[in-house]
There are 2 protein chains.
Amino acid sequence: MTRIAIHDRIRGDIEGRIMSGTWEAGHRLPPEHAFMEEYGCSRMTVHKAIDGLVDRGLIERRKRAGSFVAAPKAHRAALEIPDVAGEIRGQGKDYRLGLIARVEREADGRDRELLEIESGPVLSLQCLHRADGKPFALEERLISLAAVPAARAVDFAQESPGAWLLAHVPWTDARHRITAIAATRPIAERLAVPLGSPCLSVERWTWRSDARITYARQVYPGDRHALIASFLA
Amino acid sequence: MTRIAIHDRIRGDIEGRIMSGTWEAGHRLPPEHAFMEEYGCSRMTVHKAIDGLVDRGLIERRKRAGSFVAAPKAHRAALEIPDVAGEIRGQGKDYRLGLIARVEREADGRDRELLEIESGPVLSLQCLHRADGKPFALEERLISLAAVPAARAVDFAQESPGAWLLAHVPWTDARHRITAIAATRPIAERLAVPLGSPCLSVERWTWRSDARITYARQVYPGDRHALIASFLA
DNA sequence: AAATATTTGTACGTATGTATA
DNA sequence: TTATACATACGTACAAATATT
């Protein structure tokens, strides 16, 4: 029983040698032929193993020259940005959604800027996510109704906009901007924190192909929330 | 001239149909045989094309059942965390490093906790990164000298600890924690911001295999700095 | 409950193209 | 210029998992 695929074993072996420091950045790997012999497999199989490492940025290939251990890049970390509802429930807490405002309108200047659209109808939402009754995050969201007409019919008092969009709208690109801000009066009141206290602001722009779908800004009380990012292989 | 690889073309075509919404989440793709005929290529080639999409999480495969468009997962974003010096220079600004404190000592209670070590010598550094003369970030760093003895000999008044470690020490894992904090008095003074003003705190723990290498905490003035994370394919 | 057919998973060996030290 | 080493693709084969009959 070939419990583990040959290419996975080769990949793992190489990865181990890189991670352990045996093969440092810039080290030239043996040519694929050498692995063929070492593992008694075909070159395709070796190639596939290395393919995986190239995808992960651990190895760079240059024709004629060979395959090399890549120089460590700047730290890249994978930041999980789950929808707020899922995050709260994942902590075993009771999630409740409060819809503060829902407005359908023609895009005004700010809407156009944030959604990068010329014109068109937008849905503007403001809501407060609560965990075990306590304010958890304040969310401001713009949805381009031209891009997502179905959003008109959704009852966002029941379903959080993030969760609904995630489930119904595929995106091709998203960009996040994370800053620390001081709580303004409306934020302080909604989140029940002192005026001016530090808050974490996470803004997200989401595209599908070249159309902006939605803009969201979530504000968390700074002392009660942290974003965790893990090393990205 | 085969300008573009067949598998890349197939992959792109499928990706397009998913992204455009033509194939929604849960949609079953035609079997690999169908693509063989459509593109007049071998199954290996089709398989490789789909492999790429599986790696990116766009498609899930089940034997006998087929390949399916995956449900969109929670957002994962790639957070670039370059070393501060590189980041400042990348913005075309003049980088200067100020070493505030450098202490070599036996690990005290807090050191042991942050580095997850029983005991041993540590190097504690505090420094201020400046961009065009203005305070940019305050860094507090602990290095386990048992794991990185070479750090003893480095002149961290010349080279930023982040850059040196990145270049000299391979890591296998890192974890980041991002929060918003209020500037304490020492922070406010070093960064030249008002006491209590919001700051972005980025903490990082770095491992090699199972040994903790270093702990770092960087504090940025909240209104002058943002972390940018892009969608992770 | 068991047999069958379908579909993906892995790997082989071969061939030819391409960039480059 | 040439030999090397990666890049792509072919066709074949059998294994593994699982819907369907």
Side-chain angles (χ1 to χ4, degrees), chain A residues 1-18 22-71 73 233, chain B residues 1-18 22-71 73 233:
Chain A
M1 324 223 155
T2 3
R3 281 267 50 81
I4 192 167
I6 301 177
H7 68 258
D8 276 337
R9 197 155 65 83
I10 301 176
R11 193 172 44 67
D13 288 354
I14 296 175
E15 199 169 348
R17 274 176 274 203
I18 294 173
T22 308
W23 287 349
E24 298 189 5
H27 175 90
R28 181 185 156 164
L29 303 210
E32 298 180 352
H33 287 102
F35 286 105
M36 284 178 62
E37 294 195 5
E38 182 181 346
Y39 289 91
C41 67
S42 77
R43 199 169 73 82
M44 279 287 299
T45 304
V46 174
H47 192 78
K48 180 168 186 172
I50 299 178
D51 259 354
L53 295 168
V54 170
D55 282 347
R56 303 185 197 185
L58 277 174
I59 284 184
E60 283 166 7
R61 292 197 267 212
R62 295 204 296 278
K63 291 183 183 175
R64 170 65 179 101
S67 299
F68 300 83
V69 177
K73 300 279 178 264
Chain B
M1 310 187 178
T2 0
R3 284 263 53 79
I4 192 166
I6 301 177
H7 67 258
D8 276 337
R9 196 155 64 84
I10 301 176
R11 192 171 47 64
D13 287 354
I14 297 175
E15 200 169 346
R17 274 175 274 202
I18 293 174
T22 308
W23 287 350
E24 297 190 5
H27 175 89
R28 182 186 157 162
L29 304 212
E32 297 181 353
H33 287 102
F35 287 103
M36 283 178 62
E37 292 194 8
E38 181 180 348
Y39 290 90
C41 68
S42 76
R43 196 168 75 83
M44 279 289 298
T45 304
V46 174
H47 192 79
K48 181 168 184 170
I50 299 179
D51 259 354
L53 296 168
V54 171
D55 282 349
R56 304 185 198 185
L58 276 176
I59 282 184
E60 283 166 6
R61 294 198 266 212
R62 293 203 301 280
K63 291 182 185 175
R64 172 63 178 95
S67 299
F68 300 82
V69 177
K73 298 280 177 269

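On a predicted model such as this, the values are computed, not experimentally measured, just so you know. In the text below, chain A, chain B and the rest are named by the order of the sequence lines, each starting its count at 1.
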(request) Measure from CE on A:M44 to C1' on D:dA13 and round the result to the nearest Å. (result) 14 Å
(request) Find which nucleotide of DNA chain C each of A:V46 and B:P30 is nearest to by heavy atoms, and output the residue with the more 5' nucleotide. (result) B:P30
(request) Compare the minimum distances between each of C:dC12, D:dC10, D:dT20 and the side chain of B:I6, then state the nucleotide with the smallest one. (result) D:dC10
(message) Closest approach to the side chain of B:R43, judged atom by atom: which nucleotide of D:dG11, C:dG13, D:dA13 is it?
(response) D:dA13
(message) Whole angstroms only, please: what is the CG-P distance between B:D51 and C:dA11?
(response) 12 Å
(message) What is the distance, to the nearest angstrom, from the CZ atom on A:R11 to the P atom on C:dA11?
(response) 12 Å
(request) Report the distance from atom NZ of A:K63 to atom P of C:dT20, rounded to the nearest whole Å. (result) 8 Å
(request) Choose from D:dA5, C:dT8, D:dA7 the nucleotide whose nearest atom is closest to any side-chain atom of A:R64. (result) D:dA5
(message) Of the listed nucleotides (D:dC10, C:dT8, D:dC6), which one gets closest to any side-chain atom of B:P31?
(response) C:dT8
(message) I want to confirm an ordering. Mapping A:S42 and B:S67 to their closest nucleotides on DNA chain C, which one lands closer to the 5' end?
(response) B:S67
(message) So does B:K48 get a backbone contact from the side chain of B:R11, meaning a donor-acceptor N/O pair under 3.5 Å?
(response) no
(message) Output the rounded distance in Å from CD (A:E60) to P (C:dA19).
(response) 18 Å
(request) For B:E32 and D:dG11, give me the distance from atom CD to atom P, rounded to whole Å. (result) 15 Å
(message) If I take atom NE2 in residue B:H33 and atom P in nucleotide D:dT12, what distance separates them, rounded to the nearest angstrom?
(response) 12 Å
(message) Using a 6.0 Å cut-off, check whether atom CD of B:E38 has over 12 heavy atoms from anything other than its own residue.
(response) yes
(request) Taking the side chain as every heavy atom from C-beta outward, state whether B:Y39 and B:D13 have any atom pair closer than 4.5 Å. (result) yes
(message) Without decimals, in angstroms, what is the distance between B:E37 CD and D:dC10 P?
(response) 14 Å
(message) Tell me whether B:H27 at atom NE2 has more than 12 heavy atoms from other residues, nucleotides or ligands lying less than 6.0 Å away.
(response) yes
(request) Describe the nucleic acid contact of A:H7 in one word from base, sugar-phosphate, nothing, applying a heavy-atom distance below 4.0 Å. (result) sugar-phosphate
(request) Indicate yes or no: at least one non-hydrogen side-chain atom of B:R61 is less than 4.5 angstrom from one of B:H47. (result) yes
(request) Determine: side-chain N/O of A:R61 to OP1/OP2 of D:dA5, distance under 4.0 Å, yes or no. (result) no
(request) Go ahead and name the base partner of C:dT20; Watson-Crick or wobble counts if both distances stay under 3.5 Å, otherwise write none. (result) D:dA3
